Each structure stands twice: as structure tokens, then as C-alpha cells.
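Note on naming: letters A, B, ... go to the chains in the order of the sequence lines (proteins, then strands), and numbering restarts at 1 for each one. Treat the numbers as computed from the prediction; the structure is a model and nothing was measured.
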Amino acid sequence: MSEHDIPAPGTEREDFIREIVKADLASGAHAKIVTRFPPEPNGYLHVGHAKAICLNFGIAQQFGGRCNLRMDDTNPAKEDIEYEESIVADVKWLVGGWAEHCLAFKPSGSTATANGADFHQAAAEGTGPGTEPFRASDSFDALHAFAVRLIENGKAYVCDHTAEEVDRMRGAPGQPGEPSRYRDRPVAESLELFARMKAGEFPDGARTLRARIDPASPNVWMRDPLLYRIRHVEHHNTGAAWCIYPMYDYAHGLSDYIEGVTHSICTLEFVPHRPLYDWLLEALDLPRPLPHQYEFARLNLTHTVMSKRKLLRLVTDGFVSGWDDPRMPTISGMRRRGYPAAALRDFTERIGVARRENRVELALLEACVRDDLNARALRRMAVLKPVKVVLENYPEDQVEHFELGNNPEDPAAGTRQVPFSRELWIDEEDFREVPPPKYFRLSPGTEVRLRGAYFIRCTGVVKNEAGEVTEVRATYDPETRSSNAPDGRKVKATIHWVSAKHAVDAEVRLYETLFAAEDPETAAEGADFTTILNPASLTTLTGCKVEPVLGGATPGAPVQFERVGYFVADARDSKPGAPVFNRTVTLKDAWARIEKKQGGK
RNA sequence: UGGGGCGUGGCCAAGCGGUAAGGCACGAGACUUUGGCUCUCGCAUACGGAGGUUCGAAUCCUCCCGCCCCAGCCA
């Protein structure tokens with residue numbers, strides 16, 4: 001848990017939705033706050049969902065309420081249990097250690113039942129791990145009963161028009177629609193037809209149930225919207241029990257009502273649907289209080305795409321290794337890449353909640369990740385692009401061990417032993433035969449400190465026939481063992497190293513953004529967005545040399561390769577003795593900036 | 001040209017009639033056995049534009065401009 005999870009007194013998170021919640025609590029409109037996070041199980045959750053999750057759970061947590069995890073599973077043709085399982089896992093991971101006590105699962109096996117006043121789901125508090133998420137499909141019976149009631153009240157009717165006819169008759173923005181020819185059919189007839197739809201007597205698309213609102217409404221969503229459609233498809237939860245399925249607009253608000261949700265928070269594109277949300281609740285004349293819908297602007301991030309359709313395409317066409325590829329903006333991808341849950345939460349808090357369109361810079365997310373990792377990640381030494389250094393005056397067979405701190409930010413993190421010997425690996429970037437201006441690292445004649453060990457001075461290089469440096473020669477100063485030089489001389493740089501004879505070979509995967517363009521959607525300009533994928537989004541390095549303790553790196557446990565970046569052993573591919581690391585994020589690199597500036601001149 | 005939403009620094013975002021918070025980014029410096037971290041300083045006479053109301057306007061009014069969403073039997 002990062003410090004950002006606990007707002008300092010007086011700095012409690014404020015946004016327009018929380019203001020509303022606060023007012024509703026103060027006025028007594030609601031005694032207790034219930035929110036919900038309602039994903040459709042047709043894809044993996046991404047960082048945009050993380051914003052919604054943190055908002056909904058954050059409100060439940062802040063105001064002592066609860067948040068239902070609910071599958072919006074009303075379209076079996078597109079949904080799958082694999083997605084549902086990934087969603088549950090991602091949500092648990094994200095809110096774990098923070099708001100898990102607000103995570104409400106439904107009472108085992110329960111469905112919506114009539115409680116005398118109306119249909120309600122049995123009240124459910126956080127009932128612990130292993131229980132089921134809420135599902136819109138658990139309320140299919142209640143939803144159906146509500147539909148019958150709507151027909152009986154003259155608020156809905158069965159329509160026989162084809163999909164094409166309905167489309168055409170709906171009109172267009174600016175041109176009113178025309179009424180369905182079946183709009184005024186007798187209640188009894190609609191009732192009978194609806195029953196026969198449910199009984200499976202008609203093929204897909206033959207008829208629909210529609211709300212009787214206003215075919216000419218300026219708001220196209222109010223032009224007698226469809227409530228139910230016929231789909232002879234088995235549902236991953238209800239099996240073959242149904243062949244009619246409710247539409248989103250119909251199921252959503254009523255599911256909120258059934259679950260006792262007070263604040264139904266969604267994204268801006270649903271604003272035009274709000275009148276329908278309210279109309280349905282009113283038409284049923286349900287006991288108060290009623291839930292209300294509030295909308296906020298969805299998150300957009302630079303250098304990536306967020307639409308499920310596009311992410312699915314990246315997966316199915318093999319542009320990435322899967323939904324949890326570390327380059328994906330999915331929660332599972334970020335987890336695998338090493339982004340801590342606390343950093344994601346911190347991020348969603350720092351970006352705020354408003355109704356303004358936005359595209360947040362990736363740099364902010366990375367700053368959150370670094371903040372969290374700087375405090376927690378154990379420091380280790382790893383040489384990504386090895387260059388051999390031979391210490392000419394160091395005894396051939398001598399080995400000594402240095403005790404290095406695991407984290408300068410946290411003395412309690414302890415220390416570990418690091419072996420040292422005559423031949424070492426250092427990183428290619430830490431040696432230049434011809435040093436550019438401001439270059440403080442090793443070059444012929446200069447002296448640097450080996451982290452935690454000695455000062456060394458470069459005495460020369462060995463080259464192959466092609467003229468490439470194959471070995472750096474140096475001498476060490478025994479007087480500087482883990483300390484400053486007795487004569488007071490200083491070095492300008494400290495570099496990391498790994499003892500050659502003790503090094504463990506590792507594979508290291510360096511990730512960059514999936515797209516070079518800040519806004520891939522615009523950059524692709526009508527062309528296929530996959531044509532502008534960043535070809536350098538993944539660089540795999542093998543033969544990297546890491547210090548011995550890293551041979552047994554724990555997948556998922558963050559480490560900092562000193563002076564390089566934060567890394568994590570890959571949860572799928574890393575094996576004891578043959579570690580595979582994912583670069584989570586680089587360290588800030590002042591030298592790279594200087595070098596870039598020099599190159600620009 | 002129907003309905004709806006939104007325009008505050010490079011990116012987010014406070015502000016709710018009393019004289020532009022904060023974060024990220026960026027720049028300068030200090031510190032440093034990570035060119036990391038930390039610290040200091042700098043960074044909107046200005047709130048899409050134009051009028052108006054007011055002692056006073058980013059906040060209220062009017063008009064204009066720009067961007068986004070909606071015509072799935074998707075969510």
C-alpha cells in the first residue's frame with residue numbers, strides 16, 4: 001500500500017461525483033451508498049476500467065458503503081466464462097489490500113427474488129474470496145417479470161418489424177422516427193406473443209419487445225427502444241434456459257435497482273441514455289429510493305489504444321502474445337509487466353474524475369509506478385549488455401563478498417552478499433573509449449567507483465581484429481574498499497557490475513510503447529491502426545549477466561536493477577536458474593537527456 | 001442545420017462572484033557510493049472568443065467559435 005492510498009487529513013479526494021454522494025448522505029436521500037462495477041465479460045479489463053473500479057470502490061470505501069462486482073452478461077453471443085474469470089481476478093488484485101472489504105459478491109447461488117415490495121437481491125456485504133460476482137443474468141426472471149408488467153401497463157409492446165424496418169423507421173438525428181405498425185396492438189396480444197417468444201416459438205430476430213415512449217423524440221434512444229430480442233444461443237451462466245435476452249438499457253438500470261445500487265456511475269457516452277434509464281424505473285413505479293446514473297469522462301492514455309475491439313484484434317492477429325502481454329494496457333498485462341496495484345490506484349487518483357475529454361500522458365502513469373517501486377523494490381545489479389573488465393592487480397583466484405543494502409530507501413529491507421573477483425562484467429554504456437563531454441563513466445585513464453566495492457582506473461583496452469573492444473583493462477585501489485579514498489580524491493560516477501565467474505545468465509525483455517504516436521487513432525488516419533505499431537515495442541536480450549541471488553528471483557516480486565530500471569521476473573517464463581525479466585519501467589536517466597541534447601546540437 | 005456533453009499552462013486538474021491549488025512534464029541549482037531518490041527555485045496578468053451585469057467575473061447573462069457522443073435486435 002502506498003502513501004497515496006491514505007489521503008492526508010483535509011486532502012481527501014474530491015470530485016463532482018463524491019460531492020453528490022456526500023450531499024445525498026447529508027440530505028438522507030440514501031442511508032448507505034452502494035455502487036457497482038459492471039463490465040461485460042467479452043474481453044479483458046484495461047487501465048480505463050481501472051479508473052472506473054477505483055472510482056466505484058473508492059467511493060464505497062470512503063463512505064462506508066459497498067461496491068458490487070457485476071457481470072453485464074446480457075449478450076451470450078459475445079461473452080465467455082474465461083473473460084468473467086479474468087475480470088474477477090483483475091478486480092481482486094486491484095482492490096486487494098485497499099477496498100476488498102467493499103467488494104460485494106452475491107450470496108452464494110442467489111438470484112433476485114420478490115421481497116414483498118418488489119424484486120431485490122438479498123443484501124450482500126463482502127462475503128470473502130471464492131464467492132461469485134453478481135450477474136445481470138442472475139436477475140433474468142425478475143427482469144422478465146418487470147417486462148410483463150410493462151406490457152400490462154401499456155408501457156411496452158411486441159413489435160414484428162424486421163431489424164431493417166426498425167432501423168429505417170427509427171429515423172435519424174434531426175429526422176423524427178415513425179411509429180411501429182404494432183405499437184397499439186392489444187395488451188393481451190403482446191402478452192401472448194411475448195410468452196411465445198420466451199417459449200422459443202420464433203426464430204432469431206422475428207420479433208422484439210419495445211418500450212412505448214415516443215417514436216418522434218429528439219433523443220433517438222427514446223424512440224421506442226428495444227427491450228428484448230430473440231437469440232437462440234446458450235448463455236454461459238443460464239445455459240439453455242432462455243432464448244430471449246434483455247438489452248443493455250433495459251437490464252442495466254433494473255439490475256441496479258434489484259441490487260440496491262444508489263449511484264450508478266458510467267462513462268459519458270451513456271449520457272443520452274439517462275432519460276431512458278429514468279423512464280424505465282418510473283414506468284415500473286418502483287418503491288423508492290431509485291438509483292441514479294452519473295457520468296464521467298473515460299480515460300485515454302497516450303501511446304496506446306483502449307477499445308476492446310482493437311485490443312482483441314492485437315491478440316487474435318498475434319501482434320502481442322496475449323491479453324496479458326506486458327505491452328498491453330490491460331490490467332493483467334500491467335500486472336505481468338510489474339506495475340503494482342497500488343501504483344495503478346495512485347494513478348487513478350492523480351488523474352482525477354471530471355467530464356472533460358482527456359488523454360493522459362503515459363509519463364504520469366510511469367511516475368506513479370516509479371514512486372511505488374522506489375520505496376519497495378529490492379536493489380540488485382544486472383548487466384544487460386556485458387563488457388568484460390579485468391582487474392590487472394587483483395589476485396587471480398581471490399573472491400571476496402560485499403554486503404550490499406537491499407534498499408537505501410528502507411534499511412529494514414536488509415542486505416545481501418555479492419561476490420567479487422578479478423573478472424567482472426560491466427554494461428556497454430558505462431565504458432567509452434572516446435568519452436563525449438560530460439561523460440563521467442569509465443574511459444581510458446579515468447577512475448570510477450564500482451558500486452559497493454572499489455575504485456577502479458581504466459588502463460587500456462583489448463581489441464579484436466575488427467577493432468572492436470573485447471576487454472577493458474583496469475586496476476583497483478584496495479584502499480577504497482566500500483569507502484572513500486583515504487587521500488580524499490573523488491570519482492564522478494559509480495557503476496554497477498557483476499562478478500564474471502559468479503554471474504547467472506538471464507533473458508531480459510525491454511518494453512517500449514505499443515505505438516510511437518501519442519494518439520494512434522488519429523495517427524492512423526483511417527488506415528488500419530496496426531500499421532503504425534511500434535516495431536521496437538519489444539527487445540529481447542539474452543546472455544545478460546545478473547548477480548547470483550537473482551537466479552532465484554520470485555516472479556511478481558519487483559526489483560530495481562541499479563541505475564537501469566525496475567524489473568520483475570516473468571510470471572510465465574522465468575525459471576529458477578534461468579530467470580527471465582520484464583522491464584517494468586526505466587529509471588529516470590539524466591545522462592540520456594544530456595546526450596540527447598548534445599546530439600541535437 | 002435534431003438531441004446531448006465539453007472547452008483553465010505541454011498533459012491531467014482544483015476553482016462554485018473577491019482577485020488562478022496541486023500533480024506530471026519541462027528548466028536551473030543543491031545533495032548523492034544508483035547521472036536514481038530527496039530538496040530548493042522557476043514555469044497561466046490569465047481561464048475558447050466577443051459583448052454585458054457587478055465595486056469586483058474563470059465563476060452570472062447573451063451571442064459566437066471549436067471539439068466530442070448518439071441513428072446495434074452491442075455494452
Grab the N/O contacts between the protein and nucleotides 42-44 of chain B below 3.5 Å, and write none if there aren't any.
none

- Query: Does Asp477(A) have any salt bridge (charged side-chain N to carboxylate O under 4.0 Å, His left out) partners at least two apart in sequence or in another chain, and if so, which?
  - Reply: Arg489(A)

- Item | salt bridge (charged side-chain N to carboxylate O under 4.0 Å, His left out) against Asp519(A), all qualifying residues, sequence neighbours excluded | Arg359(A)

Quick one: side chain to side chain donor-acceptor pair (under 3.5 Å) partners of [X], sequence neighbours excluded?
X: Asp160(A); result: Arg185(A), Arg207(A)
X: His303(A); result: none
X: Arg181(A); result: none
X: Arg313(A); result: Asp317(A), Asp528(A)

- Will you find, in the side chains of Asn358(A) and Asn300(A), an N or O donor that is under 3.5 Å from an N or O acceptor? no

- Tell me the stems RNA chain B sits in, counting at least three consecutive Watson-Crick or G-U wobble pairs, each under 3.5 Å on both distances. B:2-7 with B:65-70, B:10-12 with B:22-24, B:26-30 with B:38-42, B:48-52 with B:60-64

Hey, what are the protein-to-nucleotides 23-31 of chain B N/O distances that come in under 3.5 Å?
residue	atom	partner	partner atom	Å
rG23(B)	O2'	Arg350(A)	NH1	3.1

- Query: What is the per-nucleotide protein-contact pattern of nucleotides 65-75 of chain B, from the 5' end, where B denotes a base atom under 4.0 Å from a protein heavy atom, S denotes such proximity for sugar-phosphate atoms only, and - denotes neither?
  - Reply: ---SSSBSBSB

- Query: Got a salt bridge between Arg380(A) and Glu562(A), using NZ or NE/NH1/NH2 to carboxylate O under 4.0 Å?
  - Reply: no

- Item | RNA chain B contacts made by residues 483-498 of chain A, counting heavy atoms under 4.0 Å | Ser483(A), Thr494(A)

- Item | Arg356(A) side chain near rG7(B) phosphate (N/O to OP1/OP2, under 4.0 Å) | yes

- Item | For Trp497(A), ring-ring contact (aromatic ring centres under 6.0 Å, His included) partners two or more places apart | Phe420(A)

